[in-house]
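We count ligands from 1, going down the list as the structure has it; atoms in each ligand are counted the same way.
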Amino acid sequence: MTHRITILGATGSIGKSTADVLAQHPDGFRVSALVAGSDVRGLAEMARRLGAEFVALSDASKQKPLREALAGTGIASGAGPSAVTEAVEREAETIVAAISGVAGLAPTHAALKAGRRIGLANKESLVCAGTAFMRDAAATGAVILPMDSEHNALAQALASGHPEDVVTMTLTASGGPFRTWDADRIGAATPAQTAKHPTYSMGAKINVDSASLMNKGLELIEAHHLFGLSADQLDVVVHPQSIIHGLVHWRDGAVTAGLANPDMKIPIANCLATERRLPMSVPRLDLAAIGGFTFEPPDEARFPCLRLAKAALSAGGGMPAVLNGANEIAVEAFLAGRASFPDIPRVVEETCAALAGAGRAEPATVEEALALDSEARRVAAGLLPRVTRSAASRL
Ligand code: NAD
Ligand code: MG
């Protein structure tokens with residue numbers, strides 16, 4: 001049977017890498033549906049190339065241009081929330097959840113409720129509503145396959161033992177483009193500089209999160225939900241070569257690590273495979289050519305977002321959703337030139353402090369998580385002008 005795939009967030013970095021994996025296996029997969037935000041041309045081009053059956057844009061105003069771009073292809077299309085729902089509900093064995101940010105929560109949850117295999121790239125789903133996602137996956141039989149490279153490596157390493165014998169897990173971080181910069185230089189960092197990731201090419205938002213180490217903080221929260229470990233069983237080590245992605249420490253002292261070249265096609269292929277691994281034409285890992293691995297502890301003084309994310313994980317309840325919502329507002333302001341790079345942790349920290357009461361309760365549903373996210377965005381947006389002004393006056 002051909003394996004049918006739906007990609008949510010098809011025109012983004014993960015979506016395109018998924019398309020590259022599918023292109024290597026033209027006989028193994030069929031594309032059921034592709035979903036994106038508003039990129040008519042990118043979506044239509046990919047749909048033609050992959051022979052998709054249905055495509056949807058979340059931007060309702062794009063219905064007509066999308067239909068025109070697909071004229072004569074026989075590919076059905078739609079735009080707006082109901083079209084996205086239609087895409088999610090179409091028959092598919094695996095749904096790749098790769099919309100960026102909180103916008104991915106509702107469609108990813110709908111896929112999960114349909115009991116599908118989910119290749120989960122959208123970490124925000126677990127950060128904001130992890131308990132609800134894991135509970136609903138267990139109830140519907142949906143399988144969550146971690147696509148984030150660290151969690152994918154950890155899931156593979158975990159297969160070498162019994163889950164109850166795990167003592168701790170380590171996630172590696174590349175350290176991002178500012179790893180060796182001093183605090184003054186980081187203070188003046190621009191959006192273009194965050195885009196120069198040392199080992200991966202990714203979307204704008206995750207580039208900023210990788211530079212601030214917020215991405216690693218979100219990944220600790222993601223790992224907590226995926227693997228059922230507490231905050232003190234999870235740690236981070238900076239490994240600039242990004243070859244080791246995750247390590248499982250077992251109770252007998254053994255450690256199992258997941259290694260691969262830093263190429264998202266590798267964890268994506270791992271998630272798309274069923275009984276057997278997919279053959280992939282990617283460069284083999286050549287340790288002698290790499291020459292050496294280095295490791296260092298993350299510096300939470302220069303990268304306070306990691307400290308804030310750890311605090312939200314330890315506080316639990318709704319604090320990770322508050323942290324994430326505030327971060328999305330702050331990152332958006334930074335990318336638009338309305339905030340400096342160090343304003344990001346300032347806005348996040350103040351929002352978390354302001355909502356420490358409201359964020360105490362764990363969101364029991366995706367709707368509750370989205371309500372808390374809206375509240376965090378409202379508070380963060382309200383704080384932004386004062387935070388940026390008072391930071392500027394300190395210069
Ligand atoms: P991206 O910005 O490159 O792509 C985002 C995709 O989502 C685009 O197709 C966009 O059109 C679509 N989209 C945005 N808003 C939408 C909406 N409201 N409805 C429908 N579609 C919408 O992002 P990315 O780098 O591919 O990251 C996607 C997700 O994967 C993020 O959650 C990120 O944290 C995670 N992730 C990415 C990488 C990576 O290497 N890029 C690695 C691990 C995890
Ligand atoms: Mg990652």
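In terms of protein heavy-atom proximity, atom 14 (C) of ligand 1 is nearest to I99 CG2, 4.0 Å. From the protein, the heavy atom lying nearest to atom 11 (O) of ligand 1 is G37 N, 2.8 Å. In this structure, atom 33 (C) of ligand 1 lies nearest to the protein heavy atom I206 CD1, 3.9 Å. The protein non-hydrogen atom at the shortest distance from atom 28 (C) of ligand 1 is A98 O, 3.3 Å. Nearest to atom 34 (O) of ligand 1 among the protein's heavy atoms is K123 CE, 3.2 Å. Ranking the protein heavy atoms by distance from atom 25 (O) of ligand 1 puts G203 N, 2.9 Å first.
Ligand 1 has a nitrogen or oxygen under 3.5 angstrom from a nitrogen or oxygen of S13. Geometrically, ligand 1 and S38 share no nitrogen or oxygen pair separated by less than 3.5 Å. For a threshold of 3.5 Å applied to N or O pairs, the pair formed by D148 and ligand 1 contains no separation below that value.
Residue contacts with ligand 1 for I14 involve both N, CA, C or O and side-chain atoms from C-beta outward (heavy atoms, distance under 4.0 Å). Of the heavy atoms in A10, only backbone atoms (N, CA, C, O) come closer than 4.0 Å to ligand 1. Within the 4.0 Å heavy-atom criterion, the part of M264 lying near ligand 1 is the side chain and not the backbone. For E124, every heavy-atom contact with ligand 1 shorter than 4.0 Å involves the side chain, none the backbone.
Of the inter-residue distances, the one linking T108 atom OG1 with R116 atom CZ reads 13.0 Å to the nearest 0.5 angstrom.
For Q193 (side chain) and T190 (main-chain N/O), a donor-acceptor pair under 3.5 Å exists by modelled atom type. At distances below 3.5 Å, at least one donor-acceptor pair connects side-chain atoms of R302 with backbone N or O atoms of W181. Although no hydrogens or angles enter the test, the distance criterion places no donor-acceptor pair under 3.5 Å between the side chain of H245 and the main chain of N152. In this structure, the side chain of H162 engages the main chain of E164 through a donor-acceptor pair within 3.5 Å.
Among protein atoms, those of element N, O or S found less than 2.8 Å away from the Mg ion (ligand 2) are D148 OD1, E150 OE1, E219 OE2.
Heavy-atom contacts of A121 reach the following atoms of ligand 1: 30 (O), 32 (O), 35 (C), 36 (N), 44 (C) (cutoff under 4.0 Å). If you number the atoms of ligand 1 from 1 as listed, the ones under 4.0 Å from a heavy atom of A103 come out as 18 (N).
Contact annotation: the side chain of T388 never approaches that of R346 to less than 4.5 Å [non-hydrogen atoms, C-beta and beyond]. The side-chain heavy atoms of T199 and Q241, taken from C-beta on, include no pair separated by under 4.5 Å.
Taking the six-membered ring where the residue is Trp, the centroids of H225 and F133 are separated by 6.0 Å or more. Ring to ring, F303 and F178 are not that close: their centroids are 6.0 angstrom or more apart.
Looking at V96, T11, L120, N207, it is T11 that brings a heavy atom closest to atom 9 (O) of ligand 1. Compare G12, S125, S58 by their heavy atoms: the one nearest to atom 1 (P) of ligand 1 is in G12. Evaluated by nearest non-hydrogen atom to atom 5 (C) of ligand 1, the leading choice among A204, P262, G101, S100 is S100.
Ring-plane geometry between H239 and F295 is classed as parallel, the angle between the planes falling under 30 degrees on a 0 to 90 degree scale with a further cut at 60.
The side chain to side chain contact (heavy atoms under 4.5 Å, CB included) search around A56 returns V35, F54, A83, A87, not counting sequence neighbours.
Looking at N122 and S125, their side chains do bring a donor and an acceptor atom within 3.5 Å of each other.
Using a 4.0 angstrom heavy-atom cutoff, N122 counts as in contact with ligand 1.
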